[in-house]
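Report on the structure given below.
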Amino acid sequence: MAGNSDLLTCYLANRGDLLKYAAGITGDYVHAEDLLQEVWIRCQSSEKPEKPLHFLYRVVRNLAVDKYRAQGRARKRFVQADDSTIDSVPAPTADAETNMSGRQELEVVMAALDGLPEKTKRAVLLCRFEGWKLREIAVELDIPIGSVHRMIAQGLEHCRKHLYSSE
């Protein structure tokens with residue numbers, strides 16, 4: 001590293017400006033930070049440049065362009081589909097035995113839910129079937145979020161016990 005001490009000094013003295021430059025190219029500071037780390041790794045194995053600051057800016061630009069091109073190639077590998085394309089793809093189908101088994105499991109779970117206190121049942125249904133967040137359920141049921149979390153955990157454990165005891 002002794003041969004690159006000028007480059008290290010230049011990098012450290014101008015890191016903030018290099019970060020701003022990289023962020024301007026990449027569009028955000030997170031990617032810019034990653035880019036600067038890669039710049040420094042690459043610079044450690046390079047020869048001592050005549051103009052260290054110009055060299056660092058060029059490496060930042062070149063790496064950013066390389067990453068942009070790689071992202072473009074990755075985007076081309078995936079098909080962009082609209083809703084009509086997605087709707088035309090048939091859903092996977094299960095055989096009759098799998099369907100019957102699934103229906104039976106659902107009946108057991110629904111029966112287990114019916115055995116829960118009303119608020120607990122509602123919390124589980126909102127969370128697992130409706131996709132509500134815990135804080136939304138807490139507002140809906142007018143209870144603390146910790147209570148919602150506990151109720152859902154208890155309700156799911158109750159359902160799990162019923163499901164596995166029926167097998």
Side-chain angles (χ1 to χ4, degrees), residues 1-94 102 106 109 113 119-160:
M1 189 59 225
N4 277 346
S5 64
D6 291 341
L7 190 58
L8 173 61
T9 302
C10 183
Y11 176 83
L12 293 174
N14 295 286
R15 190 175 188 291
D17 291 335
L18 288 167
L19 181 62
K20 287 178 189 172
Y21 179 66
I25 296 171
T26 62
D28 71 42
Y29 278 89
V30 173
H31 289 102
E33 283 285 352
D34 292 342
L35 190 70
L36 279 189
Q37 288 179 8
E38 195 169 335
V39 165
W40 182 242
I41 291 169
R42 295 241 180 135
C43 288
Q44 287 184 7
S45 61
S46 67
E47 295 293 321
K48 183 177 176 182
E50 190 174 310
K51 297 179 179 179
L53 186 57
H54 288 77
F55 177 76
L56 289 169
Y57 274 99
R58 188 172 69 237
V59 173
V60 167
R61 186 190 69 238
N62 290 346
L63 283 175
V65 168
D66 289 349
K67 287 194 177 294
Y68 179 77
R69 287 180 181 157
Q71 288 171 347
R73 287 190 299 272
R75 280 191 297 270
K76 288 180 183 177
R77 286 188 205 124
F78 296 98
V79 176
Q80 297 296 321
D82 58 12
D83 288 341
S84 63
T85 305
I86 293 170
D87 291 340
S88 69
V89 176
T93 57
L106 182 59
V109 168
L113 284 171
K119 274 192 173 181
T120 304
K121 176 182 176 180
R122 180 119 171 92
V124 171
L125 290 173
L126 290 173
C127 179
R128 292 301 178 145
F129 291 93
E130 300 292 328
W132 287 31
K133 295 181 179 358
L134 295 181
R135 69 178 170 279
E136 296 170 334
I137 298 169
V139 170
E140 175 74 15
L141 299 178
D142 194 30
I143 57 176
I145 196 166
S147 297
V148 172
H149 189 271
R150 182 180 37 75
M151 288 167 59
I152 291 172
Q154 290 171 346
L156 291 175
E157 183 59 29
H158 178 79
C159 292
R160 199 173 292 116

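- The neighbour count for His31 NE2, taken as heavy atoms of other residues, nucleotides or ligands under 6.0 Å away, does not exceed 12.
- For the pair Leu113 and Lys121, the tightest heavy-atom approach, listed with the atom from each and the gap, is O-CD, 3.5 Å.
- When all heavy atoms are compared, the tightest approach of Val60 to Ala22 is CG1-CB, 3.8 Å.
- Between Glu136 atom CD and Leu141 atom CG the span is 11.5 Å, to the nearest 0.5 Å.
- In this structure, CD1 on Ile137 lies 12.5 Å from OG on Ser147, to the nearest 0.5 angstrom.
- The only member of Val59, Leu18, Leu35, Leu7 that meets side-chain contact (heavy atoms from CB on, under 4.5 Å) when paired with Trp40 is Leu7.
- The pair Glu33-Arg15 meets the salt-bridge criterion, since a charged nitrogen lies less than 4.0 angstrom from a carboxylate oxygen.
- Between Met151 and Ile143, some side-chain heavy-atom pair lies under the 4.5 Å cut-off.
- Two residues are said to be in side-chain contact when any heavy atoms from C-beta on lie closer than 4.5 Å; Asp17 and Tyr57 meet this criterion.
- Closest non-hydrogen pair, Ala32 versus Leu19, comes out as CB-CD1, 3.7 Å.
- With a 6.0 Å radius and a threshold of 12 heavy atoms from other residues, nucleotides or ligands, Arg128 has its CZ atom at or below the threshold.
- Under a cut-off of 6.0 angstrom, the local environment of CD in Glu50 is sparse, with at most 12 non-hydrogen atoms contributed by other residues, nucleotides or ligands.
- In this structure, CD1 on Ile145 lies 11.0 Å from NZ on Lys133, to the nearest 0.5 angstrom.
- Using a 4.5 Å heavy-atom cutoff, the side chains of Leu134 and Ile152 are in contact.
- Between Leu63 and Glu38, the shortest heavy-atom distance links the atoms CD2-OE2, 3.7 Å.
- Here the straight-line distance linking atom CG of Leu36 with atom OH of Tyr21 works out to 11.5 Å at 0.5 Å rounding.
- Few gaps surround CG on Asp28; more than 12 heavy atoms of other groups in view lie less than 6.0 Å from it.
- Summarising the local packing, NZ of Lys67 is surrounded by 12 or fewer heavy atoms from other residues, nucleotides or ligands at distances under 6.0 Å.
- The two atoms that bring Tyr11 and Gln37 nearest to each other are OH-N, 4.5 Å, heavy atoms only.
- Once rounded to the nearest 0.5 Å, the distance linking CD of Glu130 with CD of Glu140 reads 10.5 Å.
- Atom CG in Asp6 sits 4.0 Å away from atom NZ in Lys48 (nearest 0.5 Å).
- Across every non-hydrogen atom of Val124 and Gly155, the tightest pair is CG2-CA, 3.9 Å.
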